[in-house]
Amino acid sequence: MVQVTVRVAFGATIREGSTVQELVVDAMPDDSVLDLKQRVAAAAGGAVTADDLLLEFGPNDRRLGRQYAKDPSVDESQLKLSQYSLLAWLERFPHWKVTVRLLPPTPLPPGVAIHRAAATAEQKNPDQAVADARARGEIPKISDLPAPWGPQPLVQPPREELDKAGYLPPRYPEEWSPLKDVNV
C-alpha cells in the first residue's frame, strides 16, 4: 500500500487558501480510479460520492477518469492507477499531490451553445433561439441524442480519439517506469 495525499480544492486553480483540506488515503497500483475516488469520498466524511469527484494529478493536473458529470465515455472501474503510473510518479516526486474537486456539469448538447451565444449577441431570447433551431432541424432533438443528453446509446469513439482528448491514460511499454526510464 502507498499513501497518497489528496488535496480537496475549490475553483479552477490551486493556490494558497484554495485548498480546503488534505486527506491521506491508501492506494495500490491495481486499484481503479473508481476505487481511489471511493476512498477519497469516504475520507472526506461521505458528504460527496465518488461519482461527484474529479481527480487531477501531476504538474499539469492531468485528469483521471471522468471529465464531467454523467460522462458515459469512461468506465472508471476499468482504469487502473498503474495505467497512469500514478504511484510510481509519487515515489519519484513525493511532494506531488492528487487534487480532488467536484466534477463540472455536463456540457450543453451539441449545437446549443452556439445558438445561445448567437442569440445573446443579437439580444434575442436564447431559449427561444434554441427551440427555433430544434424546430428547423439545425439542432438534434434530445430524444435523438446519446447519453448523457438523451436516451440513445453512446457509440464509443475510437481509442485514438479518446487518447488525444486526454480521456484515457497514455500507453507505455510494459516494463516502463518513471523511476528508471528517464534521461537526465
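Residue numbers count from 1 along this sequence.
The cluster map of Ile, Leu, Val, Met, Phe, Trp and Tyr, joined by side-chain heavy atoms under 4.5 Å apart, puts Leu86 and Leu34 in different clusters. Note on Val48 and Leu103: separate hydrophobic clusters, where clusters join Ile, Leu, Val, Met, Phe, Trp and Tyr whose side-chain heavy atoms are under 4.5 Å apart, directly or indirectly. Hydrophobic clustering (ILVMFWY, side-chain heavy atoms < 4.5 Å, transitive): Val25 and Phe93 are in one cluster.
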Would you check, one step at a time, whether the test side-chain contact (heavy atoms from CB on, under 4.5 Å) holds for Arg7 with Val98?
CA-CA 6 Å; Arg7 60 182 168 199; Val98 172; over 6 Å; no
Please report the C-alpha distance between Phe57 and Tyr84 in whole Å, then the side-chain angles of each, then the deciding distance to 0.1 Å, and finally whether the side-chain contact (heavy atoms from CB on, under 4.5 Å) criterion is met.
CA-CA 9 Å; Phe57 176 72; Tyr84 291 98; over 6 Å; no
List the steps, then state whether side-chain contact (heavy atoms from CB on, under 4.5 Å) holds for Glu56 with Arg62.
CA-CA 5 Å; Glu56 297 174 331; Arg62 169 125 170 103; over 6 Å; no
Working for side-chain contact (heavy atoms from CB on, under 4.5 Å), residues Val4 and Leu81
CA-CA 12 Å; Val4 177; Leu81 298 181; over 6 Å; no
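Judged as a side-chain hydrogen bond (donor to acceptor under 3.5 Å, both in side chains), the pairs with a partner in residues 102-117 (not counting sequence neighbours) are, in order, His115-Glu138, Arg116-Asp127.
In this structure, Val8 and Leu23 have side chains that are in contact, with non-hydrogen atoms separated by less than 4.5 Å. Side chains of Glu91 and Leu87 form no contact here, defined as non-hydrogen atoms less than 4.5 Å apart. Within the 4.5 Å cutoff, the side chain of Val112 has heavy atoms near those of the Arg134 side chain.
Although no hydrogens or angles enter the test, the distance criterion places no donor-acceptor pair under 3.5 Å between the side chain of Glu122 and the main chain of Thr120. A donor-acceptor contact shorter than 3.5 Å is absent between the side chain of Arg66 and the backbone of Glu76. Using a distance-only test at 3.5 Å, with no hydrogens or angles considered, no donor-acceptor pair links the side chain of Asp35 to the main chain of Asp31.
Atom CG in Leu55 sits 11.0 Å away from atom CZ in Arg63 (nearest 0.5 Å). Taken from OG1 in Thr99 to CD in Glu22, the straight-line distance is 9.0 Å, to the nearest 0.5 Å.
Taking all atoms of both residues into account, the shortest heavy-atom contact from Ile142 to Trp149 is CG2-O, 3.3 Å. Looking at every heavy atom in both residues, Pro105 comes nearest to Tyr68 through O-CB, 3.7 Å. A pairwise comparison of heavy atoms in Ala50 and Ala41 identifies N-CB, 3.9 Å as the closest pair. Val100 and Val6 make their closest contact through CG1-CG1, 3.6 Å (heavy atoms, listed as atom of the first residue, atom of the second, distance). The minimum heavy-atom distance linking Ala129 with Ala119 is given by the pair CB-CB, 3.5 Å.
Around atom CG of Leu145, more than 12 heavy atoms belonging to other residues, nucleotides or ligands sit under 6.0 Å away.
Residues Asp51 and Lys37 are not paired through a salt bridge, judged by the lack of any N-O separation under 4.0 Å between the basic side chain and the carboxylate.
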